[in-house]
Amino acid sequence: MPRPRVAFFSFTSCEGCQLTVLEQETKLLELLEVVEIVRFREAIDRREDRFDVAFVEGSISTPEEEDRVRWIRNQAGLVVAIGACATLGGVNAIREDRDHLDVQGRVYGEKGEWYPAHQVKTVAEVVSIDFELHGCPMAGAEFLDLVSCLITGRKFRQKGTSVCVECVLRGTVCQLWKGRPCLGPISRGGCQAVCPSQGGSCIGCRGLATEANLPALADQLESEGLGDGVTERMLELFNRKEFAAREGGQGDGKGDPA
Amino acid sequence: MSRRDLHVDVHHITRVEGHGNLVIDVDKGELKKCELQIVESPRYFEVLLEGRPYTEVHHIAGRICGICSIGHTLSSIQATERAFGIEATEQTLLLRRLLHYGEMIQSHALHAFFLVLPDLFNADSVIPLAADSPDLVQRALRIKRFANDLCAVLAGRHIHPISPVVGGWTSLPDPAALEDLARRLDEEIRDDLTVAVDALAGLPLPALDRPTENVALVNGDRYPLLSGEIGSSIDPPIVPADYLDKIEEKVNPHSSAKHCEGGHGPFMVGALSRWNLNGDKLRPEALAVAESLALPRPCDDPYRITHAQIVEAVDMAYDSGVILARILDEGLVPETVRVEPRAGRGVGAVEVPRGLLIHDYTYGDDGRVEKANCIIPTGMNLANIEADLRAAVPRLLDLSEKRIEHELQMLVRAYDPCISCSTHLLNVVFE
């Protein structure tokens, strides 16, 4: 069987998800035995125009990027959105409600018009996608699992349950018990609760869990004196778009891949 | 000099972080246009930081860049601590230094062995090298793996670290994991570095001699990385908070990253500048490597940045061993530092893999950012890279077009530019 031809592309992002691929050091050489990397600007010169699988990192935040991602969709068999910028808008979308002229002027002064700010979009808002890998950055183990599924035909399943479930499984002391605000109860798991396990709060980089009950968490945090609106404020970090959609009662429309 | 015409248009330089184009126009031997165009989409980070509470600021700031997220996180935390008047404890500073070593070693190894080495073997990537020189590639991977693991043990992961926060750490590393790192350093990594250095020492680099101003942190700790004043090869040092007296940012039509100039035109930051200003403070093992790579000091050749990075990586690997031994011997104690927000400005200045990085925040008394500014190493280097390109082109005109393009790409790549970072520049105007 020929190896699938795989390409990597990055849009508005920190390129940390592509770097996550390069950081699979011990698996990298094995990976190269099962896939053929035909485009990966950060690491190789080769640049081909047809590929079976395109991994797309980053938000789509300019008209040029929209054109480029449409071209990628056209050339690719499967399109996989990788990381929070691509799947949720991520930190790029924190500025979602700011006036675009104000945003560009704040950064580039009177030359702001040279760098016009546009609406930040997820990959799925511009083209159809086949899979999403969540997280900021995406989890290396999930990336390898998806590659393995694509090669073997096994069905790729993702967690729809919350980060809380993984904290319990790991025996991690609950952040809420320690009196710290945490988005674990409403955030999609699959990260092995890596932030709470390091003593940090979940900041929701993988999006909302299937059964997320926002009002319940907001009420609990407020009743424990952790601040009015702290849930909403924390959700702004990665989930501004999805949160706004739920507030508007539209849902995210994507459903759960599992 | 050749009277030829030349047009180079490299759309998206490969093996660099982010999107940059190289455009060179030569008309009858005369250089008409020489631009490193930065076409990465702007991300407007200062707007993202405005209004955010200090507990979130380093999480957002770290996401400016995946490769140097620890450097951004530490610079961000330093800026906030200085704004609030917080003194980090000795243990916190020691652990931050060790964490920083992990990122520096990982980033330098990525650049030297995965982005630059293919050029020296005339390969298009590290993939063919893995077949031709499996031992070297395996060792390089092991060095990178070690550095990543060091970050993961201390901070939960390398890309977007979790446990370093304003005031200290949310968790302390597991002693057994530290012991394992110390063992791997002793048993494998030192040998791996020796073999990798020997391989690099035998591979000639192109050469360019163009003296420029070097800027890096000076004074402070042993080899200044996380403290000190902003030093220069020309001017006396200044305190970090006065950086705007030294560094002028300019908006440039062909670049979404701002260019920087000092008082003497373009200047250089990064491993070679650190080597030039502070090389005498390195460990003897690192100085021996500099000798085997025949790296002079001072050195005015930007192609040698890669060698300076390797010298630093060796220094940091050996110093990691010293810090690990000390921690394992003395143990770590949980510490609580009270963080009380107050209104004011704080400037963080740290040396990250590609050079000096500045985060400058003004907080309100509610602990939320009112104003933010970041000066990124690649942004500081862009004007200097273009000056190098202008100096290099006339000397290359007798070569084939393909060779010229190759050498100029190598010159850009030598700086290890981080283009995603450099387009996340923040606002220029300070009242």
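Throughout, a chain's letter reflects where its sequence line sits, starting with A, and its residues are numbered from 1.
- For the options B:Leu110, B:Val137, B:Ile162, B:Val165, heavy-atom pairs under 4.5 Å to chain A are most numerous at B:Ile162.
- One distance of note links CD of A:Glu236 with CG of B:Leu48; it measures 11.5 Å at 0.5 Å rounding.
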Pair B:His160-A:Cys14, side chain to side chain contact (heavy atoms under 4.5 Å, CB included): steps then yes or no: CA-CA 10 Å; B:His160 307 327; A:Cys14 74; 3.4 Å; yes
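- Minimum heavy-atom separation, A:Leu29 to B:Ala130: CD2-CB, 3.9 Å.
- Inspection of non-hydrogen atoms places A:Ser61, A:Thr62, A:Glu65 of residues 52-66 of chain A under 4.5 Å from chain B.
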Residue pair B:Glu50, A:Arg98: steps toward the salt bridge (charged side-chain N to carboxylate O under 4.0 Å, His left out) verdict: CA-CA 11 Å; B:Glu50 273 174 21; A:Arg98 291 280 294 260; 3.2 Å; yes
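- Residues A:Gln198 and B:Arg157 are not in side-chain contact: their nearest non-hydrogen atoms beyond the backbone lie 4.5 Å or more apart.
- Side-chain contact between A:Glu23 and B:Cys151 is absent, with no heavy-atom pair separated by less than 4.5 Å.
- B:Gln106 has its side chain within reach of A:Leu19: a pair of non-hydrogen atoms, C-beta onward, lies under 4.5 Å apart.
- Within the 4.5 angstrom heavy-atom criterion, atoms from both the backbone and the side chain of A:Thr20 approach chain B.
- For chain A, no part of B:Ala140 is nearby; none of its heavy atoms comes within less than 4.5 Å.
- The interface of residues 54-61 of chain B with chain A, defined by heavy-atom distances below 4.5 Å, comprises B:Thr55, B:Glu56, B:His59, B:Ile60.
- With a 4.5 angstrom heavy-atom cutoff, B:Arg52 touches chain A only via side-chain atoms.
- Once rounded to the nearest 0.5 Å, the distance linking CZ of A:Arg95 with CG of B:Leu49 reads 13.5 Å.
- Ranking A:Leu22, A:Val120, A:Ile94 against chain B, the residue ahead of the rest is A:Ile94, based on heavy-atom pairs under 4.5 Å.
- One finds the CD atom of A:Gln24 at 7.0 Å from the CZ atom of B:Arg145 (value rounded to the nearest 0.5 Å).
- For A:Ala117, the parts lying near chain B are the backbone and the side chain together; criterion is any non-hydrogen pair under 4.5 Å.
- Per-residue heavy-atom pair counts under 4.5 Å with chain B were compared for A:Cys195, A:Ser197, A:Cys17, and the maximum is reached by A:Cys195.
- Rounding to the nearest 0.5 angstrom, the gap separating the CG atom in A:Asp102 from the OH atom in B:Tyr44 is 12.0 Å.
- With contacts defined as side-chain heavy-atom distances shorter than 4.5 Å, the pair B:Ile127/A:Arg46 does not qualify.
- B:Leu141 CG to A:Lys27 NZ: the interatomic distance, rounded to the nearest 0.5 Å, is 13.5 Å.
- Side-chain contact check for A:Phe238 versus B:Arg63: some heavy-atom pair is nearer than 4.5 Å.
- Only the side chain of A:Cys85 has a heavy atom closer than 4.5 Å to any heavy atom of chain B.
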